[in-house]
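Everything below concerns the one structure shown next.
First the proteins, then the strands, lettered A, B, ... as listed; each starts at 1. Keep in mind that this is a model prediction, so the values were computed, not measured.
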Amino acid sequence: MPVKSYREAITETLRQEMRRDKRVILMGEDIVGGMGGSSGVFEAAGGTFGVTAGLAAEFGRNRVIDTSITESAIVGAAGGAALTGLRPVAELMFIDFIGVCLDQILNQQAKFRYMFGGRCTVPVTIRTLMGAGYGAGPQHSASLHGMLASIAGIKVVTPSNAYDAKGLLATAIRDDDPVIFCEHKFLYGESCEVPDGEYLIPFGEANVTREGNQVTIVAFSRMVLLANKVADKLAKEGISVEVIDPRTASPLDKDSILESVEKTGRLVVIDEGGPYCGMASEIASLAACEAFESLKAPVQKITPPHTPVPASAELEQEWIPSLAKIERAVRATLSANL
Amino acid sequence: MPVKSYREAITETLRQEMRRDKRVILMGEDIVGGMGGSSGVFEAAGGTFGVTAGLAAEFGRNRVIDTSITESAIVGAAGGAALTGLRPVAELMFIDFIGVCLDQILNQQAKFRYMFGGRCTVPVTIRTLMGAGYGAGPQHSASLHGMLASIAGIKVVTPSNAYDAKGLLATAIRDDDPVIFCEHKFLYGESCEVPDGEYLIPFGEANVTREGNQVTIVAFSRMVLLANKVADKLAKEGISVEVIDPRTASPLDKDSILESVEKTGRLVVIDEGGPYCGMASEIASLAACEAFESLKAPVQKITPPHTPVPASAELEQEWIPSLAKIERAVRATLSANL
Amino acid sequence: MAYDPLVLLDAYRRMRAIREFEERMRREVQAGTVPGFVHLYCGQEAVAVGMCMHLRDSDYIGSTHRGHGHCIAKGCDIGEMLLEIYCKQGGLCNGKGGSMHIADLRKGMLGANAIVGASPPIAVGAALSQKTLGTDGVAVSFIGDGASNQGTVAEALNMAAVLKLPMIFMYENNGYAEFTGAGYHLGGGQIAKRASGFGMPAEAVDGVDFFAVYDACARAVDRARRGEGPSAIEAIAMRWYGHFEGDMQLYRDPKEVDRLRANSDPLKKFEERATAEFGLQADELREIDEEITELIDDKVAIAIAAPKPPREALYTDVYGSY
Amino acid sequence: MAYDPLVLLDAYRRMRAIREFEERMRREVQAGTVPGFVHLYCGQEAVAVGMCMHLRDSDYIGSTHRGHGHCIAKGCDIGEMLLEIYCKQGGLCNGKGGSMHIADLRKGMLGANAIVGASPPIAVGAALSQKTLGTDGVAVSFIGDGASNQGTVAEALNMAAVLKLPMIFMYENNGYAEFTGAGYHLGGGQIAKRASGFGMPAEAVDGVDFFAVYDACARAVDRARRGEGPSAIEAIAMRWYGHFEGDMQLYRDPKEVDRLRANSDPLKKFEERATAEFGLQADELREIDEEITELIDDKVAIAIAAPKPPREALYTDVYGSY
Ligand SMILES: Cc1ncc(C[n+]2csc(CCOP(=O)(O)OP(=O)(O)O)c2C)c(N)n1
Ligand SMILES: Cc1ncc(C[n+]2csc(CCOP(=O)(O)OP(=O)(O)O)c2C)c(N)n1
Ligand SMILES: [Mg+2]
Ligand SMILES: [Mg+2]
């Protein structure tokens with residue numbers, strides 16, 4: 001099977017979905033680039049991270065639309081277009097920018113179907129970028145998927161590898177509800193086998209990336225890679241760790257998590273979102289409410305501290321959950337003897 | 001001691017703090033009202049819910065400032081003014097409107113101190129209004145204190161009675177960090193004894209509103225009233241319920257909650273915020289991570305469903321946590337036998 | 001401009017329906033039968049109707065918290081509107097939206113909106129659909145004077161201009177945003193001038209004068225249908241009643257309101273000119289009046305008696321699939 | 001207008017410092033010594049300096065992601081700036097802000113800002129402080145052409161106009177927002193015209209011409225200090241380099257850049273006129289050049305060698321108290 005990067009998988013999916021359905025359009029800042037420039041180059045950018053490269057050439061500027069720096073209008077218009085016959089895929093360049101356009105999600109797209117009594121569909125996808133580690137500082141490094149998942153009426157997708165990115169993005173675009181598709185900066189270069197053909201991965205179905213029976217790790221997005229590494233390392237010592245990648249922060253595949261915790265009795269949650277009112281807390285809460293009887297040890301949450309992301313690369317590395325911290329947490333939960 | 005309503009207590013605190021410190025100013029939409037009107041009435045509103053009534057007459061329109069409908073500018077300017085010598089108290093008419101101005105909190109005020117290396121203070125208070133039950137529909141009824149609490153760098157206050165409202169608001173205004181002060185619509189008319197003089201209630205110190213040793217209830221804002229009622233009712237049956245009102249969603253008085261759970265071994269969390277990635281999950285998560293050894297039963301979360309607030313009054317009542325549901329949860333946790 | 005008498009009769013019917021609807025809502029609010037908050041449109045009838053006379057069901061409008069007039073002008077069913085305002089089953093939103101979120105996509109009505117300034121970007125999205133799907137349809141955004149200050153409006157203007165969308169920004173300057181006059185809250189004082197700064201034709205018209213609104217809208221809608229891009233219209237027409245029904249209006253000189261009723265009644269103005277210049281007969285108008293009164297009587301009674309949404313409705317329609 | 005030679009020398013020193021600083025940053029980025037993203041200000045020196053020459057430490061400026069020029073023009077210490085850009089201890093933000101969040105409240109510099117459009121409301125707040133505290137101080141917001149489309153900017157304009165704040169909106173139209181030309185992204189094409197729609201004087205000036213900028217700023221700052229309210233200036237000056245250092249600039253004709261360097265060098269233009277008309281001597285300028293080169297050499301070396309922030313710094317200064 002061909003090996004593709006996360007970035008390539010996303011680009012390919014956008015292309016396939018646009019070929020498949022004329023109603024799919026893309027919009028965002030510099031997703032093509034070069035409008036109004038002096039060089040006349042048709043595609044001067046293809047997205048800040050190159051994800052939309054080549055699409056304007058195939059589908060034209062009427063379906064791959066460069067916008068001004070107006071995120072409320074971008075996200076809002078995508079919602080309005082979704083109500084009226086298109087299936088827009090809007091790009092919010094960084095998830096940090098959610099603060100300038102949140103209302104169009106929180107009070108508009110997320111609520112249209114409910115407050116209009118079910119008499120509409122809202123097939124909008126917002127592609128956005130999360131994650132620290134680039135030295136981009138406090139305003140370009142956040143992971144806010146937990147904040148978004150708290151909103152009823154939207155779905156939040158956090159693919160951790162190229163294969164999932166393709167199947168989940170196709171599902172997002174074909175879904176009739178608003179979807180926030182959170183790409184991770186650090187995963188763009190990660191590759192795996194990805195079929196050329198179309199396929200869908202349903203929302204709310206976790207992926208068990210490592211099977212095990214002593215400890216359950218639930219991890220999101222890039223953190224799945226770290227969790228896998230720790231699981232592999234510990235496997236060599238005979239410690240059997242199950243790693244669950246929920247793939248969608250909302251809807252959440254509670255059953256897979258609960259089943260695993262019932263089996264292992266020990267839970268470690270790893271998330272690059274904050275430690276407070278985020279996905280890590282949500283998963284810990286799920287265990288406390290619905291798997292309490294199986295738990296043999298306190299839940300361990302590994303997240304960044306409750307601070308902004310510092311600009312200094314050294315501090316930033318300290319901020320991001322590390323292999324060492326995860327390993328320590330797994331060992332700690334195993335040694336907890338109640 | 002004089003009895004005052006929650007509304008009166010807040011108005012009185014604003015007055016006292018403005019007398020005490022000239023740098024305290026108020027700004028918001030129609031917090032005075034009547035500018036540009038044909039009647040010439042000096043104060044045509046005093047706030048949509050009358051909380052700022054009478055203040056412009058005493059302090060003048062230069063310190064009680066009516067603004068246009070521009071929440072990003074209101075909240076943003078309050079942040080800028082806080083950096084440069086004022087102690088602004090901005091009003092965000094409904095917490096639902098956070099989506100149109102979140103960036104000024106999320107990436108600006110919350111991060112100023114950190115990203116400027118500690119070389120500033122940000123003494124801004126945002127007063128806002130939460131809560132369902134008014135038939136105001138999906139866009140004016142939310143309780144988003146959990147979403148805000150997820151943001152590092154701000155403090156989130158959720159007073160449940162007039163006495164606390166006064167002491168916490170004074171603390172908020174004198175605090176050098178950004179504070180979101182969440183008033184609840186349904187509490188404005190609730191009264192209790194409130195001293196005339198100034199006093200401060202520190203952030204991060206919970207109030208134990210009922211002492212008990214069989215079950216711990218943690219409740220926020222209006223839900224504290226319901227929790228107290230249930231506790232009182234069950235007390236007559238000999239069931240001993242402890243009710244903890246954290247008073248501030250951030251910082252959270254973990255110690256009081258953990259101590260209580262250590263004592264009772266049973267935890268019910270009640271919040272009008274959502275069931276997903278909100279305060280209820282956070283408290284449940286806290287118990288799972290830090291009080292696991294004491295827990296004798298699954299944590300019970302009582303929140304609204306993961307839906308918007310419907311306009312229909314009957315559906316809305318069904319949406320809000322009820323006495324009956326709380327009572328049921330308390331009984332359920334007591335009967336859980338592991 | 002020449003006016004087809006059938007068009008004028010239709011316009012009258014819609015304006016009268018709005019007036020009657022809102023006056024009735026006012027009495028019902030006072031009688032305590034209506035849940036939630038209700039913002040009345042009286043005094044502004046010519047704006048919604050002057051615009052919507054040019055629109056088809058397949059054209060879109062984005063509305064405001066003061067949306068009843070827009071709904072009626074755009075052809076929403078009055079019975080279903082009332083069911084919704086009473087939060088009943090079978091209402092336009094099955095009782096989950098209420099007055100401030102009433103919507104009807106079949107009629108191209110994208111929703112009232114209780115977030116001031118949220119609607120223009122959504123309407124721009126509808127215009128984008130029209131353009132992308134290659135229709136000659138248009139989208140219209142109704143925007144209050146207070147709303148015109150919201151940043152989202154500027155962004156919507158810019159996007160419509162840059163993408164040359166078939167879009168009309170229909171400003172309704174009714175003199176007040178809640179309890180604050182436009183003379184205070186509106187930097188520069190002229191909304192039309194602001195819109196023209198974004199590179200589109202923009203004009204101010206007397207919003208009490210149906211004919212003036214109708215003509216300006218004809219130009220703007222035609223331009224949009226021809227693919228020549230967006231325009232803006234500022235229609236100036238004071239609201240007759242409070243911000244919401246129940247507002248004591250301390251900010252307003254009661255004489256201002258008396259003067260409005262006496263001199264600025266869009267229906268009266270319309271009737272005078274339509275009968276004097278365009279051959280409409282007073283008694284055909286009275287007939288319409290009666291029909292409408294009867295219709296609204298009926299539909300209010302039905303709405304009040306209608307069943308509430310079932311309990312389970314609380315949980316439905318959050319998602320299409322989850 | 002007459003110009004004090006001392007003022008002109010000072011202006012030259014600041015412009016030269018910006019140029020030298022940015023050219024050096026460019027080389028350092030290419031050499032790989034600089035962390036994070038760096039947006040250079042070359043070509044726009046006359047804008048920051050033409051404005052800041054009128055400002056005191058107690059006046060405030062709100063900056064952008066392209067903030068080095070604003071910092072230097074406003075008097076920030078170059079050594080501490082470099083420490084910050086290198087994310088070192090003792091930097092203006094103790095290494096936690098970096099190039100895109102550099103701030104110095106002692107100098108009235110309210111921070112670079114990596115959220116496009118977030119800064120204007122903050123600067124309006126500083127103007128509100130000046131007015132409320134009764135100073136004759138002002139606040140200035142630097143705003144890119146791309147940023148000018150953000151809704152927050154419209155809101156800031158309106159608030160400054162309504163509250164009659166001592167505020168200047170200093171638009172920097174450098175022709176591009178990232179990889180998109182202003183000819184595309186800017187509905188209406190003229191930022192100044194937009195600002196005037198909010199009821200304030202607004203003019204466009206040649207941002208390469210220090211004297212033109214300086215004169216326009218004098219009028220705007222004086223007006224603000226006199227309590228007459230806000231104004232806007234659109235200074236047009238193309239950026240010489242890419243959006244960030246490393247940008248391949250596919251959207252730009254290389255000849256455009258050559259022409260800029262040849263014909264639109266703010267420093268060259270300044271020197272020509274200042275020596276020809278106002279008596280500055282070329283050799284005193286060369287002396288300044290040397291001093292600055294030496295200073296920046298020193299400070300870059302110090303910054304590169306300086307210690308990183310300690311681990312514990314990760315957890316400090318989130319709150320004053322928690
Ligand atoms: C974002 C937001 N801010 C404030 C409000 C509260 N509010 C509701 S209507 C209104 C006034 C709107 O004035 P205008 O746009 O002139 O419309 P009008 O009521 O005059 O029709 C305000 C401030 C709101 N609903 N949403
Ligand atoms: C809210 C937000 N949207 C988008 C970006 C990404 N971005 C950073 S700089 C920039 C272009 C800004 O253009 P302009 O305002 O003209 O400033 P210039 O770079 O030309 O100085 C963009 C789109 C951002 N940082 N913040
Ligand atoms: Mg109005
Ligand atoms: Mg630019």
Side-chain angles (χ1 to χ4, degrees), chain A residues 28-48 53 61 65-74 76 93-94 96-101 103-104 134-142 304-320, chain D residues 35-37 65 84-89 91 93-102 113-118 144 146-152 175-187 243 248-257 308-311 313-318 322:
Chain A
E29 296 159 18
D30 285 312
I31 60 172
V32 190
M35 293 298 281
S38 54
S39 72
V41 166
F42 178 75
E43 179 184 86
T48 316
R61 284 197 179 269
I65 303 169
D66 269 343
T67 67
S68 311
I69 310 174
T70 51
E71 284 84 5
S72 282
I74 296 167
M93 198 187 288
F94 290 83
D96 309 71
F97 306 165
I98 196 73
V100 307
C101 58
D103 182 69
Q104 287 294 341
Y134 254 83
Q139 296 175 330
H140 276 63
S141 309
H306 194 47
T307 76
V309 186
S312 149
E314 293 74 26
L315 295 182
E316 188 184 26
Q317 283 312 318
E318 184 73 20
W319 186 89
I320 300 171
Chain D
F37 294 93
H65 56 287
E84 190 54 39
I85 291 168
Y86 280 93
C87 295
K88 296 298 178 74
Q89 213 184 336
C93 307
N94 279 322
K96 292 204 268 203
S99 165
M100 283 205 291
H101 310 90
I102 198 164
N113 208 312
I115 303 296
V116 169
S148 74
N149 294 314
Q150 282 286 37
T152 47
Y176 291 95
E178 285 193 0
F179 323 122
T180 296
Y184 173 75
H185 73 66
L186 196 66
H243 169 58
M248 289 167 44
Q249 300 194 67
L250 294 179
Y251 48 94
R252 258 179 144 177
D253 184 345
K255 278 187 233 124
E256 179 189 316
V257 182
K308 290 165 181 169
R311 231 177 193 234
L314 177 57
Y315 307 97
T316 57
D317 294 321
V318 183
Y322 194 74

- Of the listed residues (D/C93, D/P309, D/P35, D/A147), which shares the most heavy-atom pairs with chain A below a 4.5 Å separation? D/P309

- Query: Which of the residues A/A313, A/G99, A/S68 is involved in the greatest number of heavy-atom pairs with chain D at under 4.5 angstrom?
  - Reply: A/S68

- Pick one of side chain, backbone, both or neither for D/D317, based on which atoms fall under 4.5 Å of a heavy atom in chain A. neither

- Item | Interchain contact, D/E256 with chain A, by part (heavy-atom threshold 4.5 Å) | side chain

- Query: A/D66 side chain to A/I31 main-chain N or O, any donor-acceptor pair under 3.5 Å?
  - Reply: yes

- Item | Heavy-atom pairs under 4.5 Å with chain D, option from A/P138, A/P310, A/G40 with the top count | A/P138

- Item | Donor-acceptor under 3.5 Å (A/D96 side chain, A/S141 main chain) | yes

- Message: Looking only at heavy atoms and a cut-off of under 4.5 Å, which of A/G37, A/A45, A/G137, A/S38 has the most pairs with chain D?
- Response: A/S38

- Item | Residue pair D/Y176, D/H185: steps toward the ring-ring contact (aromatic ring centres under 6.0 Å, His included) verdict | CA-CA 9 Å; D/Y176 291 95; D/H185 73 66; 8.8 Å; no

- Query: So what's closer than 4.5 Å to chain D heavy atoms on A/V32: side chain, backbone, both or neither?
  - Reply: neither

- chain D: which of A/P305, A/A311, A/A73 shares the most heavy-atom pairs with it under 4.5 Å? A/A311

- Top of D/G146, D/P310, D/G175, D/G98 for chain A proximity - count of heavy-atom pairs under 4.5 angstrom: D/G146

- Task: Just give me the residue among D/N94, D/I115, D/V116 that pairs up with chain A most often, heavy atom to heavy atom, under 4.5 Å.
- Result: D/I115

- Task: If the plane angle is over 60° it's perpendicular, under 30° parallel, otherwise tilted; pick one for A/H306 and D/Y322.
- Result: tilted

- Check each atom of D/Y86 against the heavy atoms of chain A and say whether the ones under 4.5 Å are side chain, backbone, both or neither. neither

- Look up atom OH in D/Y315 and atom OG1 in A/T307, then write down how far apart they are to the nearest 0.5 Å. 8.0 Å

- Query: To the nearest 0.5 Å, how far apart are CG in D/L250 and CD in A/E43?
  - Reply: 9.5 Å

- With rounding to the nearest 0.5 Å, note down the distance linking CG in D/N113 to CD in A/Q139. 4.5 Å

- Task: Answer with side chain, backbone, both or neither: which region of A/E318 has an atom nearer than 4.5 Å to a non-hydrogen atom of chain D?
- Result: both

- Is there a donor-acceptor pair closer than 3.5 Å between any side-chain N or O of A/R61 and the backbone N or O of A/F42? yes

- Query: Using non-hydrogen atoms only, which part of A/E71 is less than 4.5 Å away from chain D: side chain, backbone, both, or neither?
  - Reply: both

- Task: Just say parallel, tilted or perpendicular for the rings of D/F179 and D/Y251, cut-offs at 30° and 60°.
- Result: tilted

- Which one of A/G34, A/S312, A/G135, A/G33 has the most heavy-atom pairs closer than 4.5 Å to chain D? A/S312

- Quick one: NZ on D/K308 to CG on A/L315, what's the gap to the nearest 0.5 Å? 10.0 Å

- Query: Do you know which of D/K255, D/H101, D/E84, D/E178 has the most heavy-atom pairs with chain A at a distance under 4.5 angstrom?
  - Reply: D/H101

